Protein chains: 2
Amino acid sequence: MSAEIVPLRPRASEPSLAPMLAVTAPGMNAVNSVILDRMQSQIPLIPVLAGHLISGGGKRMRPMLTIAGAELCGYQGTRHHKLAAAVEFIHTATLLHDDVVDGSDLRRGKATANIVYGNPATVLVGDFLFSRAFELMVEDGSLKVLKILSHASAVIAEGEVDQLTAQRHIETSEERYLSIIGAKTAALFAAATRIAAVVAEKNEAEERALEDYGRNLGIAFQLVDDAIDYDSEASESGKGKGDDFRDGKMTLPVILAYARGDAEERRFWQDAIAGFSNSDEDLAHAVELINRHDTVSATRERARHFAQRAIDAIAGFPAGEARNAMAEAAEFAVSRRY
Amino acid sequence: MSAEIVPLRPRASEPSLAPMLAVTAPGMNAVNSVILDRMQSQIPLIPVLAGHLISGGGKRMRPMLTIAGAELCGYQGTRHHKLAAAVEFIHTATLLHDDVVDGSDLRRGKATANIVYGNPATVLVGDFLFSRAFELMVEDGSLKVLKILSHASAVIAEGEVDQLTAQRHIETSEERYLSIIGAKTAALFAAATRIAAVVAEKNEAEERALEDYGRNLGIAFQLVDDAIDYDSEASESGKGKGDDFRDGKMTLPVILAYARGDAEERRFWQDAIAGFSNSDEDLAHAVELINRHDTVSATRERARHFAQRAIDAIAGFPAGEARNAMAEAAEFAVSRRY
């Protein structure tokens, strides 16, 4: 965790991640040890480059979900520590590759690995972490977990390619967008929570409930990520603000602004998404149009829907700290401004 | 297989891959079906891009080794078909990422995927194939195979990063070079043959023997690959000739030419490998120096040593078509000119 990101507010005012952090703290200490231990290699550049991203802050949401899910299931063992580390390695590998794919220069408020160490090393260290994730899973030895996470990895890659195909295509629909973020983001959230039920040896319905929580939370999370990129009230996000706009990514705030816009506004969006007008002034105009049609709020409203589904998905589990923390994390996913 | 590459010569004159192709033909048909079937995706760009490389010729050496190894072990089942396809997917993923890393524009005599479809899609489809490889292994269900191949994948990535670190460093030793090719190439050859013994439920010594065959063959194979890049007598290789020279890769023909060269020659190599002199004339001069010190032949001689170790590693298996074919494949690895 980077230091600044968790304002401890009383629940009444605004949902926070604090209960989730509290519930998962002991588990996450163990997970962080595994991460630090297993990103090592006799090739010095590997831990240096991996550490650049891994030690660079970030919420570690995905491994935290595995830990929280195990808590919710009353699991007493330690198998989930390695598996949560594997989940974070898969996530880190995709971030490294994403930054190469997008040519990003800023993530979590610092220069990206591809800028500091170059694209070649960044691609290869991503491959290393991905392989290492599978080694960790194999050490655990559950074929069920391996199946869930190898499938999720393939789905993530499909989602990323699909996103690439949709990029700079103004006619991307909300349905297609939901399908993309369901794959590129929510699949790993879903897998991360589901495997908690697997190690806790819960039944199929409980596995599915945790998976549904993770999937819906992941969709809410990505929706808000995409809203923040155009939210004039949000604090500086870790990534460069307006990156999505300049990359011509069809995210929901744009899809809705385009749908709700008049003919002139649509022409602007066509040119902007095609990459013909993406100066700072164009970005300012885009934010103006998005404010005019209130599509950041609309995107957050959509996120609220999925967050509620996440909360309801785990209603069958025993009430208690873990369930409360997971529910509040879903509310936090909607209201967060960073 | 591309059509032109297997001259069917009588054994007496020159070793060929023909016996290997004959022994593995039925198995490779099954493997090719799995490959074609499992590279599909509902995202159309994925099979298109994957197919560009997969259908583009190539010897399919690694899956062939799994099939030949299973034959050598007298294995009668079909489990190795999926696993051999997984091996080829891992290999294909690394080739796609390699071409991005090296900025290559030619492989197997045609434009690389990164040139045709761009770096972003090429990285992501590599990730997809890698994930798909693990899905195939999980379907097979052997944790032992999963362990062997996930470890090999991590070692490959380490070898690639190590190679990147050594690039443009004239002081790279033969030992370091052997360690790099042992990781980036031979690890997958070794794993591909070893898993044949695993599915055939052979004992540990037999597993190791097949692994040793694969590792030594892989080293021989890579040595000759690196020799061909400077071999004025070799036919045009699939990749662009002189690529290693222009990339400043420290391969054995250069390492030996530098070691055997006089002060003036060493200055040339220093400038060339550092990237200050790598014009076509410089390449011609490099080939001249390599011929002067006979380091293409020396590299082939090193390869012969490893090929012999490969042949001797499987001496304990029953004599027969499979063993003969594998032995001749090792001789072929040394003598091949493409």
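Given the structure is predicted, the values throughout are model-derived calculations rather than measurements. So you know, we letter chains A, B, ... as the sequences are listed, proteins then strands, and number each from 1.
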Among [options], who wins on heavy-atom pairs under 4.5 Å with chain A?
options	value
B/Glu139, B/His151, B/Lys147	B/His151
B/Val123, B/Val161, B/Thr165	B/Val161
B/Gln42, B/Arg132, B/Met137	B/Gln42
B/Ala133, B/Ala183, B/Ser150	B/Ser150

*Evaluate side chain to side chain donor-acceptor pair (under 3.5 Å) for B/Asn114 paired with B/Thr112, printing each intermediate quantity in order.*
CA-CA 5 Å; B/Asn114 48 308; B/Thr112 53; 2.7 Å; yes

Counting heavy-atom pairs under 4.5 Å with chain B, which one of [options] comes out on top?
options	answer
A/Ile43, A/Leu164, A/Thr94	A/Ile43
A/Ala157, A/Ala93, A/Pro120	A/Pro120
A/Leu49, A/Leu146, A/Asp98	A/Leu146

*Salt bridge between A/Glu207 and A/Lys144, side-chain N to carboxylate O under 4.0 Å?*
yes

*asked:* When you compare the side chain of A/Arg60 with that of A/Ile54, does any pair of heavy atoms fall below 4.5 Å?
replied: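 Yes, their side chains come closer than 4.5 Å.
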
*Flag side-chain contact, heavy atom, 4.5 Å: B/Asp162 against B/Arg176*: yes

*Under the 3.5 angstrom rule, does the side chain of B/Lys110 hit a backbone N or O of B/His52 as a donor-acceptor pair?*
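Yes, because the side chain of B/Lys110 sits within donor-acceptor range (under 3.5 Å) of the backbone of B/His52.
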
*Validation row, ring centre A/Phe221 to ring centre A/Phe189 under 6.0 Å*: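 Yes, ring centres under 6.0 Å apart.
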
_Contact class of A/Asp127 relative to chain B, heavy atoms under 4.5 angstrom_ =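 Contact with chain B involves both backbone and side-chain atoms of A/Asp127.
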
